[in-house]
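In what follows, a single structure is set out as structure tokens and then discussed.
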Amino acid sequence: MSSDLEVDPAGIFCHRVRFQTPFKPDIKDMSMPVGPIKQHLLAAIDAACRAAYDHAPEGLAIDFPPDLQLGHFAAGCFPLSKTLRRSPADIARTLAAAIGPDDLIAGAAAAGPYINFTLRPGRLFGEAIAAILSAGGSYGDSAAGAERRVMVEYLSPNTNKPLHLGHLRNAALGIAVSRMLAAAGHPVVKSILINDRGVHICKSMLAWERFAGGATPHSEGLKGDHFVGRWYVRYAIESEKDPSLEQGTQAMLRRWEEGDPATIDLWKRMNRWVYDGFAETYRRFGMDFDVFYYESDTYRLGKDVIAGGLAQGVFGTDERGNTVFHLPEKPFGREKDGALKKVTVLRPDGTSLYITQDIGTAILKVTEHDLHSSVYVVGSEQEHHFKCLFAILAALGYAWAPNCHHLSYGMVYLPEGKMKSREGKVVDADDLIAGMQELAEEEIRRRDPEKRLSAEEIRHRAEVIGVGAIKYYLLRVRPTQSINFDPAESISFDGFTGPYCQYAYARIFGILEKAGGRGLSAGGADFGLLGNPEELLLLKMLIQFPAEVASGVAEYNPSRVAVHVFNTAKAFNQFYNKHAVIQAESPALAAARLALIRATAAVLKRGLELLGIGVLENM
RNA sequence: GCGCCCGUAGCUCAGGGGAUAGAGCGUCAGCCUCCGGAGCUGAAAGCCGCUGGUUCAAGUCCAGCCGGGCGCACCA
């Protein structure tokens with residue numbers, strides 16, 4: 001039985017269940033690549049415990065000790081303390097003494113309440129590296145979600161202005177979460193809901209009609225979305241001077257709803273400009289969508305559902321004639337006067353609201369695409385809206401309602417405060433991407449004084465590095481954190497950044513290439529020669545990767561992966577700085593280290609891929 | 001007023017009940033006859049917002065406070 005179905009439908013409102021997941025990974029599991037090794041250690045403890053206490057141990061977990069000099073793996077004896085009625089330290093001492101060396105275990109020692117195991121490095125490194133390399137680029141993937149199709153909706157742009165930094169955070173999350181869900185085995189459908197109708201869209205239309213004199217993106221040499229955005233801003237300026245413009249937009253919206261051909265033509269024409277512009281930004285940032293929903297199509301949806309719900313008594317009517325939904329007391333509380341809180345789902349005149357169409361769209365998504373669950377990547381300011389939406393879907397009796405998830409993320413603040421596109425206080429997405437690519441390009445040229453790189457190669461590298469830097473900056477903190485956008489920090493390529501991680505990959509590729517040129521390979525590796533502190537730390541990072549991915553999926557939190565990729569790159573740099581690979585003391589050691597760094601490259605690449613960030617073999 | 005999020009080093013942030021709380025940036029001091037310096041090493045820098053509680057064990061869980069942010073419905 002699916003864990004999802006065990007969740008009390010009302011439980012979806014609890015904070016805890018925000019981390020409800022399409023599947024439930026066992027984080028302390030026996031996962032690859034060291035599952036068999038952990039099993040072996042548990043079996044050794046089991047045998048020792050039976051011998052010493054005539055008791056089968058339960059609840060023990062094999063973890064890493066805080067310092068790998070203490071041992072390669074450790075087990076805390078706390079769970080045994082109660083049943084054996086001895087101190088954990090006493091138990092650890094007894095069990096460690098009873099565990100002798102074998103073909104895997106080199107030694108077991110007690111340290112306080114812990115049993116620390118030192119393994120034979122040939123087995124430890126050999127088995128882990130073999131598992132990683134044999135996974136063929138999909139290390140860390142699982143098939144757990146194979147039967148559960150998920151839709152991830154992200155971006156939700158308006159067609160009256162270009163995309164800004166807030167959209168990029170949204171997109172970075174949407175892209176990464178889609179990839180991570182896919183890595184967990186889920187079939188994933190990526191969708192976008194485009195807000196292409198309403199009075200705010202009419203504002204840019206009206207301003208263009210009145211003031212543009214027939215100008216087009218082509219005539220102005222502007223990207224279409226920027227061109228339309230210019231008229232949206234112009235509207236704001238003009239309506240300050242002439243408040244009567246507002247009646248003009250209201251009239252235009254009425255004409256649009258009546259299907260007035262001239263208004264519809266203008267609307268289509270301007271939207272086309274915006275979509276052409278958006279398509280370019282999608283391409284630059286690596287966004288892609290399987291399904292496009294337009295509010296001009298969906299805004300009528302939901303009314304029939306509400307009519308049906310009204311008949312079933314799910315909805316009621318208030319004194320003003322609104323159709324309303326009474327929110328259950330459990331999570332929502334009550335009004336001061338004791339009445340249940342309510343949400344209006346239909347106006348008295350039968351026109352729909354934001355939530356009306358969202359109800360319809362939610363149902364449409366599931367029925368059209370046979371979904372198990374639905375993820376909405378939308379800012380935290382809409383948390384209440386989605387709680388209401390999911391409550392209504394549950395009340396309507398949809399079994400999948402508890403599988404709807406609002407992936408809520410914090411705001412992006414500029415040094416001057418919150419972004420406000422109406423006031424032009426935004427960081428434009430295209431400007432930011434272009435700016436980062438320029439910086440990357442400068443850096444690339446600085447490293448190519450002899451100008452051996454083609455313009456095309458430079459451009460390609462700059463794109464991967466520039467976009468990678470932005471995405472990493474936006475993904476490295478957990479989604480619930482708001483981000484204080486620091487221009488200086490965001491353009492850095494040093495330290496905790498995407499380029500740092502990409503650089504480690506390129507360095508490894510350089511070594512592998514050079515090794516190949518000298519006829520060295522991983523063949524003939526003697527993994528028994530590995531085991532210095534830097535090698536151990538690096539191996540630990542590689543081993544932990546699948547668990548980090550699983551946690552990231554479970555929490556819808558790409559920062560898990562981002563942080564781990566950085567730690568892996570750092571561990572590699574520390575190793576690299578202290579130990580030679582190609583020029584190692586012996587060919588058998590060189591071969592073993594080559595295998596180790598090949599496995600490292602695989603983890604770095606896969607981790608960055610899950611974040612939607614590309615790697616370069618040379619940078 | 002109610003709900004949610006955030007509060008950890010000067011700044012920006014990681015920390016999935018367990019061993020000595022970490023990183024980046026910044027500051028200071030070092031490392032290029034040696035596989036790529038977008039790198040590495042070291043130092044200084046912490047009442048983990050406060051107070052209680054649960055637990056053998058709390059930055060982590062619970063309660064109550066104090067700051068800051070976002071919402072609270074007929075806008076989207």
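Throughout, protein chains are lettered first and strands after them, A, B, ... in sequence-line order, and every chain is numbered starting at 1.
- Contact of A:Arg560 with B:G16 (side chain to base): a donor-acceptor pair of N or O atoms is detected under 3.5 Å.
- Pairing of B:U54, defined by two Watson-Crick or G-U wobble distances under 3.5 Å, is not identified with any nucleotide.
- Salt bridge annotation for A:Lys341-A:Glu329: absent, with no cationic side-chain nitrogen under 4.0 angstrom from a carboxylate oxygen.
- Look at the P atom in both B:U54 and B:U60: the space between them is 15 Å, to the nearest Å.
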Intermediate values then yes/no, salt bridge (charged side-chain N to carboxylate O under 4.0 Å, His left out), A:Arg478 and A:Glu555: CA-CA 10 Å; A:Arg478 44 186 210 280; A:Glu555 298 171 10; over 6 Å; no
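- Regarding contacts with the backbone of B:C6, a side-chain N or O of A:Thr480 is found under 4.0 angstrom from either OP1 or OP2.
- Each of A:Arg507 and A:Ala111 has a nearest nucleotide on RNA chain B; the 5'-most of these lies closest to A:Ala111.
- Residue A:Tyr354 places no side-chain N or O under 4.0 Å from the OP1 or OP2 atom of B:A76.
- Relative to the side chain of A:Asn577, the nucleotides B:A19, B:G39, B:G36 differ in distance, and B:G39 lies closest.
- Scanning atom types as modelled, one donor and one acceptor separated by under 3.5 angstrom connect the side chain of A:Ser551 and the base of B:G16.
- Nucleotide B:A45 has no partner under the Watson-Crick or G-U criteria, as no pair reaches both atom distances under 3.5 Å.
- Using a 4.0 Å cut-off between a side-chain N of Lys or Arg and a carboxylate O of Asp or Glu, A:Arg445 and A:Asp448 do not qualify as a salt bridge.
- The A:Val343 side chain lies nearest to B:A73 when the options are B:A73, B:U12, B:C40.
- Taking only side-chain atoms of A:Ala506, from C-beta outward, the nucleotide of B:C40, B:C70, B:G36 with the closest atom is B:G36.
- With both ends at atom C1', the span from B:C25 to B:A14 equals 14 Å, rounded to whole Å.
- The separation of B:G7 from B:G49, taken at their P atoms, amounts to 8 Å, rounded to a whole angstrom.
- Each of B:G39, B:G15, B:C35 was ranked by its minimum atom distance to the side chain of A:Tyr576; first place goes to B:C35.
- A:Glu617 comes within 4.0 angstrom of a nucleotide base, judged by non-hydrogen atoms across all strands.
- Across the C1' atoms, B:A45 and B:C11 are found 12 Å apart, a figure rounded to whole Å.
- Rounded to the nearest Å, the gap between the C1' atom of B:G68 and that of B:U8 is 16 Å.
- Separation of the P atoms belonging to B:C4 and B:C62 is 11 Å when rounded to the nearest angstrom.
- In this structure, A:Arg197 satisfies the cation-pi test against A:Tyr299, with its NZ or CZ atom closer than 6.0 Å to the six-membered ring centre and inside 45 degrees of the ring normal.
- Residue A:Gln382 places no side-chain N or O under 4.0 Å from the OP1 or OP2 atom of B:A73.
- In this structure, A:Ala504 reaches neither bases nor backbone, as no heavy-atom distance under 4.0 Å exists between it and the strands shown.
- Toward the 5′ end of RNA chain B lies the nearest nucleotide of A:Val563, the other residue of the pair A:Val563 and A:Phe78 mapping further downstream.
- Residue-to-nucleotide contacts include a donor-acceptor pair under 3.5 Å from the side chain of A:Asn116 to the base of B:A19.
- Here the P atom of nucleotide B:C35 and the CZ atom of A:Phe575 are 15 Å apart, to the nearest Å.
- Using a 3.5 Å distance cut-off with no hydrogens or angles, the side chains of A:Gln382 and A:Tyr354 do pair a donor with an acceptor.
- By the 6.0 Å and 45° rule, A:Lys203 does not stack over the aromatic ring of A:Tyr232.
- Within 4.0 Å of A:Asn618, counting heavy atoms only, lies at least one base atom of the nucleic acid.
- Residue contacts for A:Leu346: at a heavy-atom cut-off of 4.0 Å it reaches no nucleic acid atom on any strand shown.
- Candidate nucleotides B:G39, B:C70, B:C4 were compared by shortest atom distance to the side chain of A:Lys387, and B:C4 ranks first.
- Across all strands shown, B:G3 forms a Watson-Crick or G-U wobble pair, both distances under 3.5 Å, with B:C70.
- Checking B:A9 for Watson-Crick or G-U wobble geometry (two distances, each under 3.5 Å) identifies no partner in any strand.
- Under the Watson-Crick or G-U wobble criterion, with both distances below 3.5 Å, B:U60 is left unpaired in every strand shown.
- Residue contacts shown for A:Ile355 are absent, as no nucleic acid heavy atom lies under 4.0 Å away.
- The phosphate of B:G24 has OP1 or OP2 within less than 4.0 Å of a side-chain N or O from A:Lys570.
- Using a 4.0 Å heavy-atom distance criterion, A:Pro113 is classed as making no nucleic acid contact.
- As judged by a 4.0 angstrom heavy-atom cut-off over every strand, A:Ala74 is placed among the base-contacting residues.
- Remark: A:Glu442 does not engage A:Arg446 in a salt bridge, criterion side-chain N to carboxylate O under 4.0 Å.
- Here A:Tyr472 and A:Phe496 bring their ring centres to under 6.0 angstrom of each other.
- The side-chain heavy atoms of A:Pro479 and A:Asn557, taken from C-beta on, include a pair separated by under 4.5 Å.
- Distance from the side chain of A:Phe332 is smallest to B:A73 among B:A73, B:C40, B:A38.
- Among the atoms of the strands shown, none is found under 4.0 Å from any heavy atom of A:His326.
- The phosphate of B:G36 has OP1 or OP2 within less than 4.0 Å of a side-chain N or O from A:Lys514.
- Put simply, the side chain of A:Asn322 and the base of B:C74 share a donor and an acceptor less than 3.5 Å apart.
- As judged by a 4.0 angstrom heavy-atom cut-off over every strand, A:Val477 is placed among residues touching the sugar-phosphate backbone only.
- Across the strands present, B:G36 finds no partner; the criterion is a Watson-Crick or G-U wobble pair with both atom distances under 3.5 angstrom.
- One cannot find a donor-acceptor pair under 3.5 Å joining the base of B:A14 and the side-chain atoms of A:Arg476.
- Within 4.0 Å (heavy atoms only), A:Gln481 reaches sugar-phosphate atoms of the nucleic acid but no base atom.
- The gap from the P atom of B:G24 to that of B:G42 amounts to 11 Å, rounded to the nearest Å.
- Taking side-chain N and O atoms only, A:Arg478 has no distance below 4.0 Å to OP1 or OP2 of B:C13.
- A:Tyr503 comes within 4.0 angstrom of a base, heavy atoms only.
- Each of B:A38, B:G36, B:C70 was ranked by its minimum atom distance to the side chain of A:Ile444; first place goes to B:A38.
- Rounded to the nearest Å, the gap between the C1' atom of B:A21 and that of B:C48 is 8 Å.
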